[in-house]
Amino acid sequence: MATPPPCTKLGSHCAGLSVILRVAALEGGVSSADPEATWLFGHTERISFGKLWRDGDHLYTRARLHVPCRYLKVEGERARCTAHRFSGPGKSVRERRSPPAERRLGGDEFEYVSRGRLVRGTLPRATPPRRSLPVADAPNPCATARCRTADNRIGAGCCRDLQIEVLCGPRATRLEALLMTRKSPFLCKVEREESDSMGVEMISACAYLEDDGRLCALHGRRRPNGTEAKPELCFDWPKDDSTYHRGCVFKPAS
């Protein structure tokens, strides 16, 4: 059990955390991070994103992680901290959040990241060239998978479970403690990855999922420059040394 954070009163930090995320490395110009940024900005179920900006060789954004502290208890109109025995009105810790951002705007219209900015535009489905031979679409191996994430929801595990990098230097001990005591499994597995950042795992479903909660609305679509609209990392199937969700179709038979 992590040590309770050094809090002095109830506040907005009890219900969520405002942080800076390292989004992606800019390995080939600002557009090189567009696929990874689009992927991250899709996971809006428990993350609210601010504007993107470039600093050196990386892309960053401010974000709000909508996961409460494990020590927070809200009972009716009262809230209390079970670690420090603070108590007060429930409104003092209530998240004042709009509904999760939509990335599917209807038809072929979407929000996605282009040239380091969140934009709105048309992403049409790719059409086969005229006179081409008919090719049967390969079935999506995850369409009927019984994968299950740690919150016991079934289906699309890789589209609801993600890892993010939170800027948190060695002197930011309070932020580190607040990260360590978020409510599991919605935010967990907090580890220092770099001298200035912490890696955390979150459950926050992707807004590009279709209404069935399994299929991806970006699949088979193209950006205006002709590249795949679906982020490249979504095509990386788990490898043999991966940690699999329960029920993953790629998990080797034991």
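On a predicted model such as this, the values are computed, not experimentally measured, just so you know.
For residues 50-69, the set of pairs meeting the salt bridge (charged side-chain N to carboxylate O under 4.0 Å, His left out) definition, not counting sequence neighbours, comprises Arg64-Glu95. Sorted by first and then second residue, the salt bridge (charged side-chain N to carboxylate O under 4.0 Å, His left out) pairs with a member in residues 154-169 read Arg22-Glu165, Asp151-Arg160; sequence neighbours excluded.
For the pair Arg221/Asp108, a side-chain contact is recorded, criterion being any heavy-atom separation below 4.5 Å from C-beta on. Side chains of Pro185 and Ile203 form a contact here, defined as non-hydrogen atoms less than 4.5 Å apart. Between Leu52 and Phe41, some side-chain heavy-atom pair lies under the 4.5 Å cut-off. Taking 4.5 Å as the limit, some side-chain heavy atom of Leu118 sits within range of a side-chain heavy atom of Arg103. Between Phe250 and Cys142, some side-chain heavy-atom pair lies under the 4.5 Å cut-off.
Partners of Arg222 according to the salt bridge (charged side-chain N to carboxylate O under 4.0 Å, His left out) rule, which considers only residues two or more places apart in sequence or in another chain, are Glu228. Every residue two or more places apart in sequence or in another chain that forms a side-chain contact (heavy atoms from CB on, under 4.5 Å) with Asp211 is listed here: Arg104. With sequence neighbours excluded, the residues forming a side-chain contact (heavy atoms from CB on, under 4.5 Å) with Ser31 are Asp34, Arg115, listed by chain and number. Residues satisfying the salt bridge (charged side-chain N to carboxylate O under 4.0 Å, His left out) criterion with Glu36, sequence neighbours excluded, are absent altogether. Listed by chain and residue number, Arg146, Arg148, Arg214 satisfy the side-chain contact (heavy atoms from CB on, under 4.5 Å) test with Ile154 (two or more places apart in sequence, or in another chain). The side-chain contact (heavy atoms from CB on, under 4.5 Å) search around Glu109 returns Leu105, Thr122, not counting sequence neighbours. Lys189 meets the salt bridge (charged side-chain N to carboxylate O under 4.0 Å, His left out) test with Glu201; sequence neighbours excluded.
By the criterion of side-chain heavy atoms lying less than 4.5 angstrom apart, applied directly or through intervening Ile, Leu, Val, Met, Phe, Trp or Tyr residues, Leu162 is grouped together with Leu65 in one hydrophobic cluster. Both Val19 and Leu40 are assigned to one and the same hydrophobic cluster, defined by single-linkage of ILVMFWY side chains at heavy-atom distances under 4.5 Å. In the hydrophobic cluster analysis, where Ile, Leu, Val, Met, Phe, Trp and Tyr join through side-chain heavy atoms closer than 4.5 angstrom, Leu72 is grouped apart from Val67. At a threshold of 4.5 Å between side-chain heavy atoms, the hydrophobic network of Ile, Leu, Val, Met, Phe, Trp and Tyr places Leu179 and Val23 in one connected group. Hydrophobic clustering (side-chain heavy atoms under 4.5 Å, transitive across Ile, Leu, Val, Met, Phe, Trp, Tyr) keeps Tyr71 apart from Val74.
More than 12 heavy atoms of other residues, nucleotides or ligands shown are found within 6.0 angstrom of CD on Glu210. Within 6.0 Å of CZ on Arg120 lie no more than 12 heavy atoms contributed by other residues, nucleotides or ligands. For CD of Glu27, the number of neighbouring non-hydrogen atoms (other residues, nucleotides, ligands) closer than 6.0 Å is 12 at most.
Nearest heavy atom pair, residue Gly56 against residue Leu26, reads O-CD1, 4.2 Å. Looking at every heavy atom in both residues, Cys147 comes nearest to Gly157 through SG-N, 3.3 Å. Pairing each heavy atom of Ser48 with each of Arg97, the nearest pair is OG-NE, 3.3 Å. Heavy atoms only, all atoms of each residue included: Phe49 and Leu21 are closest at CE2-CD1, 4.1 Å. When all heavy atoms of His84 and Pro4 are compared, the closest pair comes out as NE2-CB, 4.0 Å. Residues Pro35 and Ser32 approach most closely at CD-O, 3.7 Å, considering heavy atoms.
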**Request:** Would you check, one step at a time, whether the test side chain to side chain contact (heavy atoms under 4.5 Å, CB included) holds for Cys69 with Arg182?
**Result:** CA-CA 4 Å; Cys69 178; Arg182 292 298 98 182; 3.6 Å; yes
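Taking CZ of Arg70 as the reference point, atom SG of Cys81 lies at 12.0 Å (rounded to 0.5 Å). Considering CD1 of Ile164 and OG1 of Thr61, their distance stands at 11.0 Å, rounded to 0.5 Å. Within the model, atoms CD of Glu111 and OG1 of Thr38 stand 11.0 Å from one another, a figure rounded to the nearest 0.5 Å. Taken from NZ in Lys251 to NE2 in His245, the straight-line distance is 11.5 Å, to the nearest 0.5 Å. Between the CD atom of Glu75 and the CZ atom of Arg80 there is a distance of 4.5 Å, given to the nearest 0.5 Å.
One N or O on the side chain of Ser204 and one on the backbone of Glu45 form a donor-acceptor pair closer than 3.5 Å. Not a single donor-acceptor pair under 3.5 Å links the side chain of Arg117 to the backbone N or O of Val113. Without hydrogens or angle criteria, His66 side chain to Thr44 main chain gives no donor-acceptor distance under 3.5 Å.
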Please report, to 0.1 Å, the donor-acceptor pairs under 3.5 Å made by any side chain of residues 166-176, with sequence neighbours excluded.
unit_1 : atom_1 : unit_2 : atom_2 : d
Glu176 : OE1    : Arg192 : NH2    : 3.2

Side-chain donor-acceptor pairs under 3.5 Å in residues 6-14, sequence neighbours left out?
unit_1 : atom_1 : unit_2 : atom_2 : d
His13  : NE2    : Lys9   : O      : 3.3

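Membership of the apolar cluster around Tyr112 extends to Phe110, Val119, Leu123, Tyr208, Leu218, as traced through chained side-chain contacts below 4.5 Å between ILVMFWY residues.
There is no side-chain donor-acceptor pair under 3.5 Å between Arg223 and Ser114.
Classification of the Trp39-His43 ring pair by plane angle, with boundaries at 30° and 60°, yields perpendicular.
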